[in-house]
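Lettering of chains follows the sequences in order, A, B, ..., and the numbering in each one begins at 1.
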Amino acid sequence: MGEIGRFALLAAAAVALYGLVVTVLGLRWRHGGFLEAGRRAVVAWALFIALASAALFVALLTRDFSLRFVATASESTQSLFYTIAAFWGGHDGALLLWALVLAGYMVVGIRSLRGHPDFQGPTTAVLFVIAAFFSILLATASNPFTPLVPPPPDGQGLNPLLRNPWMAIHPPTLYLGFVGMSMPFAIAVAALITGRLDDTWVVLARRWVLVGWMFLGLGLLFGAKWSYVVLGWGGYWAWDPVENAAFMPWLTATAFLHSIQIQERRGMLASWNVALVLLTFGLTIFGTFLVRSGVLSSIHAFAVSAIGYIFLAFLAMLLIGSFALLAWRWDSIKSRGTVESVISRETAFLANNLLFVAAAAVVFVGTIFPALTEAFKGVKINVGPQYFNLVMVPISVGILLMMGLGPLLPWRQATPDQLARNFMLPATAAVLGALALAALGIRDPGPLLVFAMALFVFGTIVLEAVRGTGVRMRRGEGLMLAFARLLGRNRRRYGGYIVHFGILLMLVGIAASSAFDTQGQATLRSGERFRLGRYAFEYGGLSAWSVPGIEITEATVRVWAGTRSLGTLRPQRYFYTTQGQPMHQVAIRSSLREDVYVILSEWTENGRATIRVLIHPLVSWLWAGGAVLAIGALFAAFPERRRTAPAAASPSHLQSLPLPTGESTGAS
Amino acid sequence: MIEAALFVVAVLVAVYLLVPAFRRIAVPVADPRATLEAARAAALRALHDLELDWATGKLSDPDYRTQRVTLEAEAAAILRQLGKPETAR
């Protein structure tokens with residue numbers, strides 16, 4: 001397999017360079033044959049990357065320890081599932097996965113631009129720059145088919161930290177997000193190269209950003225879930241540099257998804273949108289640099305390799321090149337509209353954009369601060385979660401406020417009457433909700449503010465759904481049909497509201513679980529109990545057994561809420577014999593109200609065990625919110641049906657205000 | 001055996017990639033209609049959104065009229081350029 005893999009990677013590098021050269025020459029000389037050769041090179045490159053990937057899968061499955069990568073990422077006792085996951089368990093395989101995802105995006109993306117040949121050529125060229133970079137890296141410094149002489153009798157095995165289903169799906173999902181941003185980046189650069197800076201590139205890029213954004217969000221969430229169930233510290237987010245690396249492009253992509261609406265509707269922020277797409281892609285490469293370089297301490301140190309600084313050089317080249325293009329085209333990117341009133345949807349979207357970019361900047365500064373202090377003072381100083389929480393909580397509240405205000409404000413301007421009519425109910429809900437929560441004993445201002453703002457936003461979403469459904473019901477549609485058609489025929493708008501609802505759930509879950517968690521531990525003999533909050537925990541003894549490569553110790557813990565038995569939880573401790581590494585396998589009883597999180601900390605020969613318990617309120621809301629977010633993003637990304645023009649696109653048509661039937665525009 | 005198979009693959013791919021470079025193929029020209037179609041879709045979506053905003057009470061009647069006149073004029077201009085004015089269904 002090594003021979004096939006090495007050949008495929010070498011061929012892929014050659015094809016990527018060939019594709020880049022013929023596409024650039026085809027564009028420069030207006031040579032249709034060269035451009036066709038470039039398009040064929042996309043397919044050939046994807047096939048060679050797929051061949052290399054297949055070869056690596058076969059090498060892993062057949063335990064071909066003559067390859068260094070296979071010997072370091074797998075072992076003979078490894079299960080089939082984690083043998084497959086070992087593909088992205090080390091940096092060489094992870095880079096091949098990156099290239100494989102890019103290949104998929106390129107084949108589909110370039111094909112989707114058939115109707116826009118003015119974009120197709122330059123986009124292909126830009127994507128080939130990225131493809132060539134990864135191919136050369138894979139064929140040389142980061143080759144997963146590098147032989148190991150002599151081959152060891154067995155491999156070292158996948159890092160135990162990675163042996164979890166969430167970690168198995170976290171990297172591919174994250175890469176679908178990271179690499180997904182290549183396509184809008186290439187389209188934006190194509191627009192800058194060709195000078196086609198009208199709204200066309202925004203239309204072409206939007207769906208790709210939405211898909212990449214969704215995968216990035218899911219990848220972040222899967223990583224958080226892994227941290228929650230594997231690391232055994234009870235949390236899901238630690239402002240780790242590698243977590244931040246994926247969070248930053250998600251923030252700037254979120255800003256882009258909002259600001260393109262201002263460009264489409266009001267002809268404003270055209271250059272800002274280009275800058276956001278360039279920045280988002282730059283941040284994905286920066287994230288890869290952080291993961292690979294080891295320049296910052298991270299729980300993801302297993303991915304460190306020497307190629308990090310090659311990524312930094314590539315990032316510098318991309319950013320300097322693309323922003324130089326933007327500066328060159330700056331004068332030709334003109335805004336067609338202006339802000340007419342401070343109280344308008346565009347102002348709310350502008351404010352939300354500034355907040356998202358400010359959040360990305362805050363995370364960026366906090367992330368690179370240790371590297372900066374090391375460079376200037378010789379010692380790494382971490383800002384710690386306190387810095388992030390201190391700055392991000394007010395920004396999050398500001399974003400929540402804009403999330404509620406934006407959708408209920410009209411474009412251009414709003415009158416005081418409209419403001420009162422639109423915001424009275426949500427604002428009342430927020431105030432009453434806050435008072436009720438305060439009466440129930442929640443006095444911490446941070447979470448109280450988040451809950452109140454969440455109620456406000458939830459009120460605006462409900463109001464939008466009720467009013468929209470009401471409009472359709474007045475035309476004679478039944479409740480369910482009216483609601484279904486309202487959603488189905490306004491996918492972008494209501495898909496956005498579904499996403500907002502998902503974000504609400506997540507923020508409420510984060511605020512509650514961060515502010516109101518309780519924890520305790522006790523060292524117990526079998527049959528002894530201890531209490532935490534409304535729960536009692538009875539330790540029922542230890543049991544131990546082995547499976548190939550792992551020694552397992554399990555505690556039995558019976559849980560009661562008052563006098564009601566909630567069943568038995570079985571926290572475990574794995575000891576991976578090959579790696580000599582212990583790992584927690586926490587036991588979690590999850591409900592909508594709270595998670596009971598039980599860890600087997602340690603035990604003694606005489607049968608005593610230390611059981612640690614954490615109670616996290618509303619954590620499940622975070623995961624549920626992520627699912628809702630993904631549903632909303634898919635809903636919004638799905639193509640809307642083609643609209644037909646109004647009966648008379650002329651002012652005379654407006655003499656009597658038409659009923660907002662939708663059929664009058666054919667567009668409902 | 002593997003070397004021979006890989007050599008054949010390399011030759012076949014090289015032929016696949018090189019052949020079009022020696023052929024005279026017309027450079028595909030951007031269809032202005034594609035851009036206009038995108039503009040048309042955006043204009044109609046804006047009109048639809050405006051109507052929904054008005055129907056759900058976000059816009060006063062005068063603001064609705066003013067914005068609708070503007071958006072319809074934009075849509076009409078695009079439809080004229082497309083050369084296929086459509087009527088309501």
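For a residue to count as touching a neighbouring chain, one of its non-hydrogen atoms must lie under 4.5 Å from one of that chain's; by this rule A:A41 touches chain B with backbone and side chain alike. The part of A:R493 that comes within reach of chain B is its side chain, from C-beta onward, which places non-hydrogen atoms under 4.5 angstrom from that chain. Contact of B:L50 with chain A is made through backbone and side chain together, with heavy-atom distances under 4.5 Å. Looking at B:R24, neither its backbone nor its side chain comes within 4.5 Å of chain A, counting heavy atoms on both sides. For chain B, the nearby part of A:L35 is the side chain; its heavy atoms alone come within less than 4.5 Å. A:L47 does not touch chain B: none of its heavy atoms, backbone or side chain, sits under 4.5 Å away. Within the 4.5 angstrom heavy-atom criterion, only side-chain atoms of B:I2, from C-beta onward, approach chain A. Only the side chain of A:V43 comes within less than 4.5 Å of a heavy atom in chain B; its backbone stays farther off. Residue A:F119: no heavy atom, backbone or side chain, is found under 4.5 Å from chain B. If you measure heavy-atom distances from A:D199 to chain B, you find no contacts under 4.5 Å at all. With a threshold of 4.5 angstrom between heavy atoms, B:A42 does not approach chain A through any atom at all. For chain B, the nearby part of A:D198 is the side chain; its heavy atoms alone come within less than 4.5 Å.
Each of B:A21, B:A26, B:A10 has some count of heavy-atom pairs under 4.5 Å with chain A, and the biggest count is that of B:A21. Heavy-atom pairs under 4.5 Å with chain B were tallied for A:R40, A:R467, A:H31; the largest tally goes to A:R40. Of the listed residues A:R412, A:E264, A:Q120, A:E36, the one with more heavy-atom pairs under 4.5 angstrom with chain B than any other is A:R412. The candidate with the highest count of non-hydrogen atom pairs below 4.5 Å against chain B, out of A:R39, A:R114, A:R492, is A:R492. Ranked by non-hydrogen atom pairs under 4.5 Å with chain B, the options A:H116, A:R196, A:R345 are led by A:R345.
Here the closest non-hydrogen pair linking B:T56 and A:V471 is CG2-CG2, 4.2 Å. Pairing each heavy atom of B:V13 with each of A:A44, the nearest pair is CG1-CB, 4.0 Å.
Looking only at side-chain heavy atoms (C-beta outward), B:D53 and A:W411 come within less than 4.5 Å of each other. The closest side-chain heavy-atom distance from A:W29 to B:V27 is not below 4.5 Å.
Taken from OG in B:S60 to CZ in A:R421, the straight-line distance is 8.5 Å, to the nearest 0.5 Å.
One N or O on the side chain of A:Y18 and one on the backbone of B:L17 form a donor-acceptor pair closer than 3.5 Å.
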Decide yes or no on side-chain contact (heavy atoms from CB on, under 4.5 Å) for A:E3 and B:E3, but give the supporting numbers first.
CA-CA 8 Å; A:E3 203 171 13; B:E3 287 87 345; 2.8 Å; yes

For side-chain contact (heavy atoms from CB on, under 4.5 Å), just list the numbers for B:K58 and A:L409, CA-CA rounded to whole Å, side-chain angles, deciding distance to a tenth of an Å, and then say yes or no.
CA-CA 6 Å; B:K58 289 180 212 161; A:L409 286 172; over 6 Å; no

